[in-house]
There are 2 protein chains.
Amino acid sequence: MRDERPPRRSDGAQTHAAILAAAMRLASIEGLGSLTVGRLARELGVSKSGVFAHFRSKQRIQQETIEAAGEVFEREVLRPGLTRAEGIARLHGLCEAYLSYIERGVFPGGCFFAQLLAEYDAQPGPVHDQVCADQRSWLSLLEGEVRTAQQHGELDPDADPAQLAFELSAPVELANYLSVLYQDPRFVERGRTAVRAVIANAASRRRR
Amino acid sequence: MRDERPPRRSDGAQTHAAILAAAMRLASIEGLGSLTVGRLARELGVSKSGVFAHFRSKQRIQQETIEAAGEVFEREVLRPGLTRAEGIARLHGLCEAYLSYIERGVFPGGCFFAQLLAEYDAQPGPVHDQVCADQRSWLSLLEGEVRTAQQHGELDPDADPAQLAFELSAPVELANYLSVLYQDPRFVERGRTAVRAVIANAASRRRR
DNA sequence: TTTAATTTTGCACGGTCGTGCTATCTTGTC
DNA sequence: GACAAGATAGCACGACCGTGCAAAATTAAA
């Protein structure tokens, strides 16, 4: 699958990384679709060709930007969120990791993938398909953890795991949009409160 | 405030409306920012000047498109949602009206204002400010209805109304994004279930 | 039917877009 | 230090962008 020969020279690799960093920043604010070769070049004080030569099409810039953002998400959300013990603790851990990643402003325009979801939910193409896959894997992660928590007797065994995953995703995503819109971290706190409420509610209905 | 002289001729008014209809459709799918005079002209089989002359700048196209979408939202969500009696019933009514508006595909790209929220949450300017105001008025509407329900003894009087408004908005917004992304109305149903859960939970803690 | 006002078109402008091609650096290897 | 290869710059292209302006087509009132 991987058909790319890696850039050989160190300065090249450095520029390549700098371009992707700027691309992630810009895309989180203005959207992946309004990424522009000229804009990136200006942002980095470099010629348009200096940017373009590293990728050989705009498509590739977009693809690699998404991949790079995926690595950031893995490092900043998934890895820390998965450290706690499986079950309820890990559900809290994952949601908290996401909310903290919003709160810390890892991307200046809020969660890169939330931006992508809203931008490409109705636009068919490769980006749409990638968003589908990413979103499914996030929901599945939560869903699996709900199932585990049920098996451990921590949550109502009659609850629908997919429904619970949805109800946990909803407040953290809205916290993302609103905290960015109003530049107000209190919406992250609302997200935390909502997550606690959802989990506590499902926990209170378990068989004891 | 209104400085515009209305178009005098009937064909002009009709074209004006047709342009706004196409603009709402397109913007809900691809975003307000990627609206383009040429694109609209092509979509309507009309010359670029024929579109441009009706507004006298791109800014005005965007402004009027937002206003037109506001009227649609009022007609399709607020008016039907506000018919039920105030309190819990109206909270259900508003959320259901929103979910139904998603389900019916009033805009082909999902809720126009959810799209706008995600697109402009991090981009300062007049659109950002408009989104702030619209979002606040939606949340305030729900919050006021929660307060009324509390006064009627239908909801836990110790609950934070703003928090509850947030917890109701979250699932309906996520239902919007996911049902569009996967073209699957089951996510609207997930939204309905979540709304019922939030209200039922707050109702079960009321003093009886 | 003439006439005046209002749509609508055609055309031009400077600017940016994505993308090639060629030439000039710059770096790492012998 | 020479040299091959990679990195960056410069320039050109056709396409589309937003916006003006004058000409043509259409409508409504006289």
Side-chain angles (χ1 to χ4, degrees), chain A residues 2-24 26-27 29-66 68 119-120 123 125-127, chain B residues 2-24 26-27 29-66 68 119-120 123 125-127:
Chain A
R2 291 250 161 258
D3 190 17
E4 33 189 344
R5 35 69 230 260
R8 299 273 168 71
R9 256 165 58 181
S10 60
D11 55 348
Q14 194 171 331
T15 304
H16 188 95
I19 295 172
L20 288 180
M24 289 188 283
L26 273 177
I29 295 177
E30 303 179 4
L32 191 67
S34 51
L35 265 192
T36 261
V37 181
R39 190 105 164 61
L40 283 170
R42 229 174 296 126
E43 202 83 10
L44 295 165
V46 132
S47 77
K48 237 172 40 150
S49 314
V51 169
F52 188 78
H54 281 276
F55 314 84
R56 284 181 310 282
S57 72
K58 188 183 180 174
Q59 268 229 9
R60 266 185 95 86
I61 298 184
Q62 295 185 330
Q63 279 175 210
E64 295 198 27
T65 303
I66 296 177
E119 189 175 0
Y120 286 94
Q123 295 194 74
V127 179
Chain B
R2 292 248 161 257
D3 190 18
E4 32 190 343
R5 35 89 229 253
R8 299 272 169 73
R9 257 165 57 180
S10 60
D11 55 348
Q14 195 171 330
T15 304
H16 188 95
I19 295 172
L20 288 180
M24 289 188 283
L26 273 177
I29 295 177
E30 304 179 4
L32 192 66
S34 50
L35 265 193
T36 260
V37 181
R39 191 106 164 61
L40 284 170
R42 229 174 296 126
E43 202 82 12
L44 295 165
V46 132
S47 77
K48 235 170 44 148
S49 314
V51 169
F52 188 78
H54 280 276
F55 313 83
R56 285 181 310 282
S57 72
K58 187 181 180 173
Q59 268 228 8
R60 264 185 99 84
I61 299 185
Q62 294 185 331
Q63 279 173 212
E64 294 198 26
T65 303
I66 296 177
E119 189 175 0
Y120 286 93
Q123 295 194 74
V127 179

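Worth saying up front: this structure is predicted, and the values here are computed from it rather than measured. By convention in this document, chain letters (A, B, ...) are assigned in the order of the sequence lines, proteins followed by strands, and residues within each chain are numbered from 1.
At a threshold of 4.5 Å between non-hydrogen side-chain atoms, the residues Gln62(A) and Pro126(A) do not count as touching. Looking only at side-chain heavy atoms (C-beta outward), Ile19(B) and Val46(B) stay at 4.5 Å or farther from each other.
Regarding contacts with the backbone of dA28(D), a side-chain N or O of Ser10(B) is found under 4.0 angstrom from either OP1 or OP2. Contact annotation: Thr15(A) side-chain N/O to dA7(D) OP1/OP2 distance is not under 4.0 Å. At least one side-chain nitrogen or oxygen of His54(B) sits closer than 4.0 Å to the OP1 or OP2 atom of dT8(C).
Rounding to whole angstrom units, CG of residue Leu35(A) and C1' of dG18(C) are separated by 13 Å. Rounded to an integer number of Å, the gap from CZ of Phe55(B) to C1' of dT7(C) is 13 Å. Arg9(A) has its CZ atom 7 Å from the P atom of dT8(D), to the nearest Å. Per the geometry, NE2 belonging to His16(B) stands 16 Å off C1' belonging to dT8(C), to the nearest Å. Atom CG of Leu40(A) is separated from atom P of dT8(D) by 14 Å (rounded to the nearest Å). Residue Ile19(B) contributes atom CD1, which lies 11 Å from atom C1' of dT7(C) at whole-angstrom precision. Between Arg60(B) atom CZ and dG20(D) atom P there is a gap of 13 Å when expressed in whole angstrom units. Distance, Arg39(B) CZ to dA15(D) P: 18 Å, rounded to whole Å.
Under 3.5 Å, the side chains of Glu64(B) and His16(B) contain a donor-acceptor pair of N or O atoms.
When the nearest nucleotides of DNA chain D are assigned to Arg42(B) and Gly50(A) by heavy-atom distance, the more 5′-ward of the two goes with Gly50(A).
The two residues Leu44(A) and Ala22(A) have their closest heavy-atom pair at CD2-CB, 4.1 Å. Nearest heavy atoms, Ala68(A) versus Leu20(A): CB-CD1, 4.3 Å. Contact record, Lys58(B) with Leu35(B): NZ-O, 2.9 Å, taken as the closest heavy-atom pair. Considering every non-hydrogen atom in both Gln123(B) and Ile29(A), the closest pair reads CG-O, 3.6 Å.
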Show the distances under 3.5 angstrom between N or O atoms of the protein and N or O atoms of nucleotides 19-21 of chain C.
unit_1  : atom_1 : unit_2   : atom_2 : d
dT19(C) : OP2    : Lys58(A) : N      : 2.6

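Looking at heavy-atom distances under 4.0 Å, Val46(A) makes contact with sugar-phosphate atoms alone, never a base.
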